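All remarks here apply to the structure that follows.
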There are 2 protein chains.
Amino acid sequence: MSKKVTINVIAETARVSKTTVSRFLNGKFDNMSEETKERIAQTIENLDYHPSRQAQALKAKNSLLIGVSVADISNTYTSRLLKGISDYFQNTIYQVLIMDGDNSIAREYSNLEKMVSEKIDGIILQPLVHQPEHYQLLIDEKIPVVQVDRYTEPFTWSAVVSDNFQKSLEVAELIIDKKYEEIIILANHINGVSSRMNRYNGLKSGVENTNISIKLIEIDDIENWQNLLLSMIDSKTKKALYALNGQVLWEIIRLLKKHNVSIPDDVGVIGYDDDMFADMISPEITAVSQNPQEIGRIAADNLMQIMDNHTTVPKTTRIPSTVQIRESL
Amino acid sequence: MSKKVTINVIAETARVSKTTVSRFLNGKFDNMSEETKERIAQTIENLDYHPSRQAQALKAKNSLLIGVSVADISNTYTSRLLKGISDYFQNTIYQVLIMDGDNSIAREYSNLEKMVSEKIDGIILQPLVHQPEHYQLLIDEKIPVVQVDRYTEPFTWSAVVSDNFQKSLEVAELIIDKKYEEIIILANHINGVSSRMNRYNGLKSGVENTNISIKLIEIDDIENWQNLLLSMIDSKTKKALYALNGQVLWEIIRLLKKHNVSIPDDVGVIGYDDDMFADMISPEITAVSQNPQEIGRIAADNLMQIMDNHTTVPKTTRIPSTVQIRESL
DNA sequence: CTGAAAGCGCTAACAG
DNA sequence: CTGTTAGCGCTTTCAG
């Protein structure tokens, strides 16, 4: 029945004061006799003592906990992001507290409140809301925050994102090259989601001086977007579909397949994100490949910088993605 | 400059003792005047006070933290598992600490040590090691543990897993029906991973009284398993490939595609796990569909039971999966 | 209906 | 080189 072994029992057993044990724990050997050191080390070993992080955290003002708030945890983008973050913190003294917003603003907020009462030391946030005021809570508590994938505006915290605008410019070029005359953009609601906005605006800029027309279908807003989309596909003009995220891309592919719409003959398709399956289906799908693991790593690193310096100017880091050209456009 | 608002400042501002505030926080209104209650509520509201979890945890013996140790966080099975777990704990007072073992036994162990020093209240573990002695640490500390996906043997803790053996029996039936004469099982090392063992043994049992022969290729052990596999595929006997996990399944499909081996004409293919793309490639892939989200939910629920009762007999819960019959076998 | 006081496990002056 | 003391923010007797 191993009673809870605390710093006190170590002190008693080793016949020193708990101060000395505490010093030992924190590597303050400046002036400690080899003998005492040895005795304490032994006792700790024997009794298999682990200092209580709660108590340490209570004294120090920090919890050594890093919070990660993601939009949707069951999502390949997210899981690769988390891999990058976890890897980074593995060899630090920090622990990572991951919370799933499940695409619900209320739930995200409740998660952040929980993080605050954990006295979390820093947060990596994939924000569900565009207005920074929504996150006043974090501003008030002066918690270091780094955003990933998306950012709030006006600018408040550093952000690590894909080069969305830039890459959409490339997509536009591709579409122009291939002589498409009309583009239908498909996305979940784009307002307030900076990554989607940037993808949209990039494409728009890219075709600015052409005759190519753009239509936007925000699929959550439209009763039956599938039928709408199908009805728009005809042979009058050469059309390209641009899906602003992976989920939408694959829904489209599945839809077209089901209705025997031939890609790219009847309609061209390009989109986010590149998936391991993109080259296994036919036609192989042309898609933009992001690097979420690197985004996570860099975000973690930025957060550490901020937590150390305490005084960093917010900056945006853009991680390059790649357009994987295949057969669907 | 919002100074740290503690229970003391609430007490002072509301002109009561911290005892009373504490009672309020813990919902002990048994005998509290409406007026005091109201006043405290107001003060907390005004000062935007959040009790410190550290301090609460220090007093209580528990941290209100649940640890989740997964084999590999960047993996669709895992992310759906985590969704189930996160969902469950969302409306409890517990927080979830997710740690990625990255398929490294050393890293998993280091994670568990960290969890122990967090005085974590319970752990959901997807074990990398089959021998429970490896987890002596957790046994010593008497931490409630529920295993997911796999389990250690001999039996130590409850486990929530897929009905692997059962489903492999079904796979065997299917293979028999289709008149296959030989089965090649492909997997990462199966020793010590109960889910893979059960899939293997289920298939073996299923073909026991037939002439069907079985070969096992453990791909991490073989220099160039791709060539080995290709060399085994000939037209002498009708062969089926059975991939014991998703990653392997898709590697095989990609390999066969690349070498123009026709499925199911040259060789039949079936495997774990069913993925959203299984019906988008041609031929559509026959695969076993697990329910990791449900596994996560049930595991979380079991853990709660154990943490409450303090005295539960370990049990194994098998969550049904489904064989999705398509065209590849 | 409410408060005073002790103490959870640890750290950090300060004092020898 | 080491110990005494106070206190982090909270909960919980015990006493009124």
Side-chain angles (χ1 to χ4, degrees), chain A residues 2-41 43-44 47-65 93 114 116-121 141, chain B residues 2-41 43-44 47-65 93 95 116-121 141:
Chain A
S2 62
K3 275 211 58 85
K4 188 102 297 180
V5 17
T6 75
I7 198 174
N8 269 308
V9 346
I10 299 296
E12 281 172 32
T13 317
R15 305 176 54 69
V16 293
S17 75
K18 39 182 201 162
T19 312
T20 308
V21 179
S22 174
R23 284 195 187 107
F24 177 90
L25 290 176
N26 296 288
K28 296 180 180 158
F29 304 129
D30 311 343
N31 294 319
M32 194 180 300
S33 70
E34 273 307 320
E35 206 223 301
T36 320
K37 212 189 306 190
E38 185 53 36
R39 199 142 32 90
I40 296 179
T43 319
I44 289 182
L47 274 54
D48 192 29
Y49 162 70
H50 299 267
S52 152
R53 285 277 302 267
Q54 331 286 348
Q56 292 178 316
L58 182 56
K59 272 258 83 172
K61 307 296 287 184
N62 57 2
S63 59
L64 301 187
L65 245 34
I93 51 172
K114 288 184 181 178
V116 167
S117 54
E118 285 298 347
K119 299 271 181 296
I120 220 138
D121 291 340
E141 305 277 341
Chain B
S2 62
K3 274 210 59 85
K4 186 102 298 179
V5 17
T6 76
I7 198 174
N8 269 309
V9 346
I10 299 295
E12 282 171 32
T13 315
R15 306 177 53 68
V16 293
S17 74
K18 41 182 200 163
T19 314
T20 308
V21 179
S22 174
R23 285 198 185 104
F24 176 90
L25 290 176
N26 295 288
K28 294 181 179 157
F29 305 130
D30 311 343
N31 293 319
M32 194 179 299
S33 70
E34 273 306 321
E35 206 222 302
T36 321
K37 210 188 309 188
E38 184 54 35
R39 197 141 36 89
I40 297 179
T43 318
I44 290 183
L47 274 54
D48 193 29
Y49 163 71
H50 297 268
S52 150
R53 286 279 300 268
Q54 330 285 349
Q56 291 178 317
L58 182 56
K59 273 258 82 173
K61 307 295 288 184
N62 56 5
S63 60
L64 302 186
L65 244 34
I93 51 172
Q95 240 78 276
V116 167
S117 55
E118 284 299 344
K119 299 269 180 298
I120 220 137
D121 291 339
E141 304 278 342

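Every chain is numbered from 1, with letters handed out A, B, ... down the list of sequences. This is a predicted model, so every value here is computed, not measured.
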Q) Listed in order of residue number, which residues of residues 19-28 of chain A have a non-hydrogen atom at under 4.0 Å from DNA chain D? A) A/Thr19, A/Thr20, A/Arg23
Q.
When you compare the side chain of A/Phe24 with that of A/Ile7, does any pair of heavy atoms fall below 4.5 Å?
A. no
**Q.** Gap between atom CG of B/Asp121 and atom OG of B/Ser63 - 0.5 Å precision
**A.** 4.0 Å
Q: Can you see which heavy atom on B/Thr6 is nearest to which on B/Tyr49, and at what distance?
A: C-CE1, 3.7 Å
**Q.** A/Gln54 CD - D/dT11 P separation (whole Å)
**A.** 14 Å
Q | Atom-to-atom span, NZ of A/Lys18 to C1' of D/dG3 - whole angstrom | A | 12 Å
Q) Once you round it to whole Å, what is the distance between P of D/dC10 and NZ of A/Lys59? A) 15 Å
Q. With side chains defined as the heavy atoms from C-beta onward, is the minimum distance between A/Glu118 and B/Leu65 less than 4.5 Å?
A. yes
**Q.** Whole-Å gap separating P (D/dC10) and CD (B/Gln56)
**A.** 7 Å
Q.
How many whole angstroms separate atom CG of B/Leu64 from atom C1' of D/dT11?
A. 13 Å
Q | Taking every non-hydrogen atom, the tightest pair across B/Ala57 and A/Gln54 | A | CB-OE1, 3.6 Å
**Q.** side chain to side chain contact (heavy atoms under 4.5 Å, CB included) against B/Leu58, all qualifying residues, sequence neighbours excluded
**A.** A/Ala55, A/Leu58
Q) Who are the side chain to side chain contact (heavy atoms under 4.5 Å, CB included) partners of A/Thr43, not counting sequence neighbours? A) A/Ile10, A/Thr13, A/Ala14, A/Leu47
Q.
According to side chain to side chain contact (heavy atoms under 4.5 Å, CB included), who are the partners of A/Gln56, at least two apart in sequence or on a separate chain?
A. A/Pro51, A/Arg53
Q) What integer distance in Å separates B/Leu58:CG from D/dT11:P? A) 11 Å
Q) Does B/Ala55 or B/Arg15 map to a spot on DNA chain C nearer the 5' end, using the closest nucleotide for each? A) B/Arg15
Q) Expressed in angstrom and rounded to an integer, what is the separation of A/Lys37 atom NZ from D/dT2 atom C1'? A) 14 Å
Q.
Going 5' to 3' along DNA chain C, between which two nucleotides do contacts with chain A fall, using a heavy-atom cut-off of 4.0 Å?
A. C/dG9 to C/dC14
**Q.** Distance in angstrom units between B/His50 NE2 and D/dC10 P, rounded
**A.** 12 Å
Q) For A/Thr36, what residues pass the side chain to side chain contact (heavy atoms under 4.5 Å, CB included) criterion, not counting sequence neighbours? A) A/Val16, A/Thr20, A/Met32, A/Ser33, A/Arg39, A/Ile40
